[in-house]
Each structure stands twice: as structure tokens, then as C-alpha cells.
Amino acid sequence: MTPTGYFTKGAALAAMLAGGAASAQEIRFMCYSDGNECEAAGEIIERFEAENDGVSVVIDKVPYKAILENLPVQLAAGTGPDMAKVTDLGGLSKYYLDLAPHVDRAYWEESFGPILDWYRKGPDDDGIYGLHSQLTITGPFINRTLFDQAEVEVPGPDATWDDWAEATRKVAEATETPFAMAIDRSGHRIAGPAISYGAKLFGEDGTPTLVDEGFTTFAQKFVDWNKDGTMAPDVWGAAGGTTYQDAAQEFINGELVFYYSGSWNVQRMDSSIGDAFDWEVVGSPCGPAACTGMPGGAGIVGFEQTQHPEIVAKLIDFLAEKENYADLTAKSLNIPAHAAVAAEGVTYEGASEQAAAALNAFAAQVPTVSPIAFAYQGYKNNRAMFNISLARVSQAIVGELTVEEAMARAKDDLAQALAESGE
Amino acid sequence: MLLRLISPLMNVVDLPMRALQRRLGISRLAWVFLLPNLLLFGTFAFLPILLNFAYAFTGTDNILLLDRTFVGAENFAQLLDCDSYLDPNTCARDLFWRAVHNTAWFIVMQVGFMVGFSLLTALVLNREIKARGFFRAVFFFPVLLSPVVVALVWKWVLQRNGILNAGLEAVGMDSVVWLLDRHWAFFWSVFLSVWAHMGFYTLILLAGLQAIPRDVYEAAVMDAAGPWRTFRRITLPLLMPTMLVVMVLALIKGVQTFDEIYAFTGGGPGSATTFIIQYIYETGFGGAPRLFGPAAAASLLLALLLVALTVIQLWITRRSSNG
């Protein structure tokens with residue numbers, strides 16, 4: 001071959017490679033799993049790739065901590081992924097890609113309704129930003145076998161936190177179980193009980209307040225239960241700062257009668273407990289003001305900084321299609337946030353009878369969620385409020401501060417956080 | 001042979017270097033050689049220090065500097081706003097002062113135990129004992145472990161159903177939830193830190209012991225000096241320069257304590273084992289609210305302390321090397 005021939009062929013190859021590079025669109029999806037959500041989404045994404053030639057979606061599976069701590073920094077620095085599964089729905093809203101220009105607004109509003117507000121920047125924003133792939137609700141798991149062994153009646157649907165505390169103490173005593181109750185060490189987890197005790201969390205004008213009489217009343221009760229051993233002291237007492245600590249392993253080990261966590265743990269309970277004992281989900285206990293859990297969950301969002309906004313929007317829209325969404329919830333054992341899917345009911349794949357009953361019990365609690373809990377979940381700085389309540393209530397539990405001092409400090413912390421966030 | 005291999009390469013470099021030298025002059029040529037190192041140092045050390053200054057004097061939760069607002073010394077004023085520095089409850093930023101108090105106590109206890117146990121171990125390992133090499137390795141082994149491994153191992157030992165409680169129950173004693181009690185949690189944090197780092201300081205002291213001339217000891221034996229008198233009058237004074245270096249190094253390391261205690265207790269119970277670096281990390285990066293300004297201000301205050309300690313260390317090192 002002549003030098004000219006080499007040159008011509010080389011140029012043609014380079015042009016082909018360049019053309020290929022331009023048509024291949026790689027989407028990076030940062031995903032974390034409580035169970036198998038990333039894998040379940042991956043199966044649907046494979047179908048999307050098959051339907052969209054030249055699109056390649058790389059799922060970067062990361063620990064939850066990376067979503068909480070690394071992703072915000074990456075986004076601020078402009079080096080984030082194209083899309084991610086996030087839980088700080090409002091806190092990251094300034095980075096979201098508005099899907100509205102690329103999707104059928106009527107379908108999304110009909111399917112996801114008020115949950116779309118959780119992703120918006122504020123009341124004046126009507127953009128569509130995220131697919132709520134995992135609707136969760138907090139609530140209690142109980143060890144039914146221990147109740148039966150202790151011959152203690154399980155409190156009814158209107159039972160108060162005090163009723164549950166008394167019943168579980170009796171069960172623990174009769175069965176020599178180490179702990180009667182436990183609540184995950186998380187500000188989100190105590191929000192539901194606090195609202196049940198009358199916490200308003202926001203002022204009349206919508207300004208976040210966090211501490212009020214209702215919140216203080218629950219905080220005092222919770223501190224007392226930790227001190228008298230009703231609550232497993234290791235969960236809140238043995239950690240510091242804003243460290244998350246659950247009590248799932250204690251419940252799985254049969255060392256705990258009543259475990260206040262949430263619907264995302266159903267799959268774990270189902271697979272870990274097996275037939276070791278009977279467990280079930282009961283409604284959130286009542287306080288004087290309500291019997292509410294906290295809604296929450298995770299959603300899949302695209303980011304404004306992506307180089308492929310249309311493909312990202314198309315992919316999220318594809319995941320939001322009724323059949324795909326139903327498939328995703330059925331495989332990942334989650335409560336659907338999609339109205340039509342929820343109305344038709346979900347046949348959970350591979351779930352035991354117990355797990356399906358637990359998921360349905362959690363789903364049944366969604367309509368009873370307090371509007372305050374809904375507003376709290378949608379508030380963009382709720383993470384700050386969760387962390388402040390977590391750190392300060394912990395200090396009261398271990399005796400570093402009295403409850404009154406802890407509440408006063410929480411107020412100051414909130415004022416500083418709001419000032420820093422420019423609110 | 002090697003020279004023959006590299007000489008063509010040298011010729012390739014030689015030509016442009018000569019040209020450069022002619023153009024810049026020999027004194028400026030040094031900068032050309034220093035440039036790569038200066039670039040690396042500037043990018044990864046000097047620039048972050050400058051950025052830290054900028055963050056310390058600005059506010060808002062924006063991470064991009066251009067989006068932040070200048071607040072002057074407000075972040076420092078908030079951190080230092082206390083009725084009494086001895087009582088964190090009287091401070092506007094009580095958690096910062098709790099961390100400062102915890103760090104101060106930790107340093108006092110950790111350095112004391114560290115130097116004491118390291119000296120004791122070095123003295124034993126300096127004697128003609130059986131399997132001396134093995135024991136030297138055993139004491140040094142924890143230094144090689146990752147801080148997270150150290151933390152997890154001790155967490156498993158000390159947890160409610162851990163090995164220590166199993167042992168206590170086996171001998172008929174009540175189990176203790178070690179990490180739930182603030183005093184025990186603090187004690188075990190000091191213990192863990194000493195256990196993990198003692199080997200390093202033992203090694204330094206061992207080298208110091210071996211550098212003491214044998215004839216001094218022989219003279220002491222001839223003068224009928226007992227072991228305690230020999231230790232007090234010969235070993236300790238001659239080892240003092242090394243011990244001072246060990247003390248200052250342990251002090252600096254103590255101030256910087258973070259990873260192993262964070263993995264061990266998470267700073268709890270409450271804030272009982274929250275030290276200054278954890279405070280800075282949690283304030284700036286541990287989740288919402290991300291208060292970069294106060295975190296940067298706290299890290300500058302810490303830097304001042306570390307600079308002071310380093311100056312002391314340099315002074316001691318120079319003094320001891322000058323005899």
C-alpha cells in the first residue's frame with residue numbers, strides 16, 4: 001500500500017471512531033440499594049438499552065453514605081453522575097434536571113401527584129424532577145412469637161406509645177428478651193412519633209421551628225424510655241454525632257420485641273428471619289395528636305449538568321411507565337408511589353406471605369400519614385433538622401444535657417443552619 | 001555498561017539544558033528543577049491552605065467559593081463565644097468546646113500512658129530476654145494495622161455480646177456495656193489508641209536506649225550502683241532527648257486523632273469521644289447542614305496549635321542534636 005493509501009484508510013478509520021464516539025451515549029447512574037433496587041432497576045434499564053441503540057447505562061453501585069456525603073460535593077464541583085438514586089430529595093433540588101420538557105406532564109402528575117413536590121425547589125416551582133422509585137413509611141415490626149410465648153395481647157390499632165411500651169416491657173420480662181423496644185438512631189425515625197405527640201415542626205407562616213411543646217414532650221418520653229431500659233440503650237446511646245444506627249440485627253436475632261423502623265426493611269427481615277419466628281408489621285402507635293409514621297424513600301433523578309439531558313429524561317420516563325414501575329416495585333419489594341400501580345395492587349415477586357402482608361400493612365398506613373409529616377418530608381432543609389434532632393436528643397439520653405437544654409441547643413443549631421443556607 | 005546505556009539519553013537532555021542555561025543563567029536554572037515539586041506542593045498543599053483561609057472568612061452552605069459571602073471573622077467569633085472556656089455549656093458552639101475539652105483530656109492521658117508503656121516495653125525489649133525478636137514484632141504489629149481494623153476488632157471485643165463480657169460472665173461477673181458509659185468509652189478510646197501506636201514509639205525509644213554507650217553502665221556497675229539508681233541517674237537522663245521527641249510526636253498525633261475513634265465509637269456516647277478533627281469533619285462534611293465556614297475556622301485554630309507543637313518539636317530536636 002502506498003503512503004497515500006495508508007493515510008486515506010487511517011483517516012477513514014479515525015472518522016469512523018469519531019462518529020461512533022459521537023453516537024454512543026454513556027449514562028452514569030449512581031445507585032445504592034437497601035435490598036436489590038439497583039439490580040431490579042438494572043433489568044428494566046437493559047430493556048431500555050435494547051430499545052435505544054447506542055445508549056449505554058453504567059450503574060455505579062455505591063454505599064448509601066456515598067449518596068449522602070460524596071454526591072453533594074461532586075454535584076457542587078460539577079463532576080456528578082448523569083443520574084442518581086437519592087434520598088435528600090429537597091436538599092439536592094438545585095441540581096436536578098427538569099424532566100417536564102421531555103415527558104408527558106399529565107401522566108406524571110396523575111401518577112405521582114403531591115410526591116412531585118418533594119423534589120421541587122419551592123412552592124412556585126412546577127417542574128418534574130424525580131421518579132419516586134421507593135416510597136417508604138416508618139412503622140413498627142413486632143416479634144409475634146414473643147407476644148404469644150408471653151401470653152400478652154398485642155395492642156390494637158389505636159394503641160398509644162405508652163400502651164406499646166407497657167405491653168412490650170411485659171413481653172420482654174416474661175420471655176427474658178434483652179430489649180422491649182428500639183427506634184433506629186435517625187432524626188427521620190423520631191419525627192413520626194414526635195408529630196404524634198403534637199410536634200408541628202413549622203410555624204404558621206411555614207418557617208421551620210423544629211422544637212415546640214409536642215416535640216419536647218416526645219423527646220422527654222424517649223429519653224426516659226432509654227434511661228429506664230424500655231428502649232434498647234445501645235442504639236441511641238452508644239453512638240455519637242449524626243451516626244446512623246439501626247436495630248435490625250437485634251430484631252433478627254430475636255433480642256427485641258418491638259422495632260420501629262420502616263418498610264425498606266421488609267426484604268431484609270423476610271430473608272434473614274426466615275421461619276425462626278413470626279413477625280409482623282403493625283400501625284404506628286398513637287400520641288395525643290396523631291398515629292402517624294413518616295413517609296420518605298428514594299427517587300431517581302437526573303442532573304442538570306448531564307451532557308445527555310434528553311436520554312436521561314427518556315430513561316427516567318421509561319422507568320416511570322406503569323408496567324415498568326410495577327415491575328420495579330414487585331421485584332424490589334417496595335410500596336408503590338405510582339397511583340395506578342398502587343390502586344391495582346402489587347404482586348411481590350419471591351416474597352413470603354409474611355413479607356407481602358407486611359408490605360400491605362405499611363401501604364395501608366400511607367393514607368393515614370399526617371400532613372405535617374408529608375410537609376416535613378418535602379421540606380428542602382429537612383436533613384439539617386433530622387441531624388440536629390438526632391445529635392441533641394442523643395446528648396440528652398446520655399446525660400450530657402437535660403431535655404430542656406437539648407431543645408434550646410436544637411433551636412440555636414436550626415437558626416444557624418437556616419442562616420447558612422440563606423433561608 | 002549502565003553508563004553506555006544512559007549516555008545517549010544524557011546527550012538528548014544535555015542539549016536543551018545547555019540552551020536553557022545560556023538563556024536563563026545558572027542561578028535561575030535551579031527554579032526549572034524545582035518547578036515540578038513546587039507545582040505538586042502548590043496544588044495539593046498550598047492551594048488547599050489558601051482555600052481554607054477563604055472558607056473560614058466566608059459564609060453560606062455553597063461549596064463554590066464565588067457563591068459564598070464574606071463574613072469577616074464571624075465564624076471565629078462564634079467558635080470563641082464563651083462565658084467560660086472551662087464549661088462548654090456556656091459556649092455558643094458547645095460541641096466545638098466539648099471536642100476541645102475531650103481532645104485536651106485525651107492528649108494528657110494518651111501521651112502519659114503512651115510514653116510510660118512505650119518506655120517500659122522498650123526497657124524490657126532492650127534486655128537479653130528469650131524470643132526478643134518475636135516480642136519486638138508482636139509489639140510493633142498493631143502499628144501495621146489499618147485504623148478501621150483496629151477499631152472494629154476492639155468494638156467486637158467490647159460490645160454487649162463481645163469477648164470481654166463473655167469472659168466476665170464466665171467467671172461469674174456481671175457484663176458491662178462498655179461503650180454506653182461515657183467514662184468507659186473514653187477510657188477505651190485512650191486504651192485503643194495506646195495499643196495501636198505504642199509499637200512505633202517503643203521502637204524509637206529502643207533505638208535511643210541502644211545508643212547509650214555501654215561503658216557508662218559498666219562504670220555504674222563498678223561503682224556498685226543498683227538497677228533503680230542506674231535507671232534514674234544514667235538511662236533516664238541520657239534517654240530524655242529521645243523521650244521529648246516521642247512526647248511531642250505523640251502529642252501531635254493525639255491532636256490529629258480521628259479515624260480509629262470515629263470508627264470505634266462514632267464520637268459517642270453523646271459527644272463523649274468526639275475529638276476536634278471529628279467535629280471539623282462532621283461540621284463541614286458529615287451531612288446537612290454543611291457548615292463549611294465554621295469547619296474551616298475550627299481547622300485554622302487547630303492548625304495554629306499544631307504549628308506551635310511542631311515548633312516545639314523542632315526546637316527539642318535541634319537542642320538534642322546539638323548535644
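Residue numbers start from 1 in every chain, and the chains themselves are labelled A, B, ... in the order their sequence lines are given, proteins ahead of strands. Keep in mind that what you see is a predicted model, and the values were worked out from it rather than measured.
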Going by atom types alone, do [X] and [Y] pair a side-chain donor with an acceptor below 3.5 Å?
{"X": "B:Glu169", "Y": "B:Asn165", "result": "no"}
{"X": "A:Glu69", "Y": "B:Tyr281", "result": "yes"}
{"X": "A:Asp246", "Y": "A:Ser261", "result": "no"}

Please identify, among [options], the residue contributing the most non-hydrogen atom pairs under 4.5 Å to chain A.
{"options": "B:Asp181, B:Val71, B:Thr69, B:Asn89", "value": "B:Asn89"}
{"options": "B:Arg160, B:Gln159, B:Gln278, B:Arg290", "value": "B:Arg160"}
{"options": "B:Gln78, B:Arg68, B:Arg93, B:Arg182", "value": "B:Arg93"}

Short side-chain to backbone donor-acceptor contact, [X] and [Y], under 3.5 Å:
{"X": "B:Asn102", "Y": "B:Ser271", "result": "yes"}
{"X": "B:Trp97", "Y": "B:Thr90", "result": "no"}
{"X": "A:Thr87", "Y": "A:Gly297", "result": "no"}

So, are A:Asp117 and A:Arg120 salt-bridged, with charged N and O less than 4.0 Å apart? yes

Measuring heavy-atom distances to chain A, does [X] have an atom under 4.5 Å in its side chain, in its backbone, in both, or in neither?
{"X": "B:Pro294", "answer": "side chain"}
{"X": "B:Tyr279", "answer": "neither"}
{"X": "B:Ala92", "answer": "backbone"}
{"X": "B:Asp67", "answer": "neither"}
{"X": "B:Phe264", "answer": "neither"}

Taking non-hydrogen atoms and a cut-off under 4.5 angstrom, which of residues 403-414 of chain A neighbour chain B? A:Arg409, A:Asp413

Applying a heavy-atom distance below 4.5 Å, give me the residues of residues 373-390 of chain A that approach chain B, sorted by number. A:Arg383, A:Ala384, A:Asn387

Which atoms of A:Pro72 approach chain B - backbone, side chain, both or neither, heavy atom under 4.5 Å: side chain

Measuring heavy-atom distances to chain B, does A:Glu250 have an atom under 4.5 Å in its side chain, in its backbone, in both, or in neither? neither

With a strict 4.5 Å heavy-atom criterion, list every residue of residues 57-65 of chain B that contacts chain A, or say none. B:Gly59, B:Thr60, B:Asp61, B:Asn62, B:Ile63, B:Leu64

Please check if the distance between the ring centroids of A:Phe251 and A:Phe277 is under 6.0 Å. yes

Just give me the residue among A:Ala419, A:Gly399, A:Ser394, A:Gly241 that pairs up with chain B most often, heavy atom to heavy atom, under 4.5 Å. A:Gly241

I need the residue from A:Ala391, A:Ala417, A:Ala239 with the largest number of non-hydrogen atom pairs under 4.5 Å to chain B. A:Ala239

With respect to A:Tyr244, which candidate in A:Arg189, A:Lys65, A:Arg185 satisfies the side-chain hydrogen bond (donor to acceptor under 3.5 Å, both in side chains) definition? A:Arg189

Could you measure the distance from the OG atom of A:Ser272 to the CG atom of A:Asn253? Nearest 0.5 Å is fine. 9.5 Å

Between CD1 of A:Ile397 and CE of A:Met231, what distance do you get to the nearest 0.5 Å? 9.0 Å

Mark yes when over 12 heavy atoms from residues, nucleotides or ligands other than [X] sit less than 6.0 Å from its [atom1]; otherwise mark no.
{"X": "B:Phe200", "atom1": "CZ", "value": "no"}
{"X": "B:Phe187", "atom1": "CZ", "value": "yes"}
{"X": "B:Phe258", "atom1": "CZ", "value": "yes"}
{"X": "B:Tyr85", "atom1": "OH", "value": "yes"}

Parallel, tilted or perpendicular, judged at 30° and 60°: which one describes the rings of B:Trp154 and B:Phe191? perpendicular

With heavy-atom distances below 4.5 Å as the criterion, would you say the side chains of A:Val86 and A:Tyr32 are in contact? no

Those residues that, when tested against B:Lys253, pass salt bridge (charged side-chain N to carboxylate O under 4.0 Å, His left out) (two or more places apart): none

Which atom names give the shortest non-hydrogen contact between B:Phe186 and B:Ala272, and what distance separates them? CD1-O, 3.5 Å

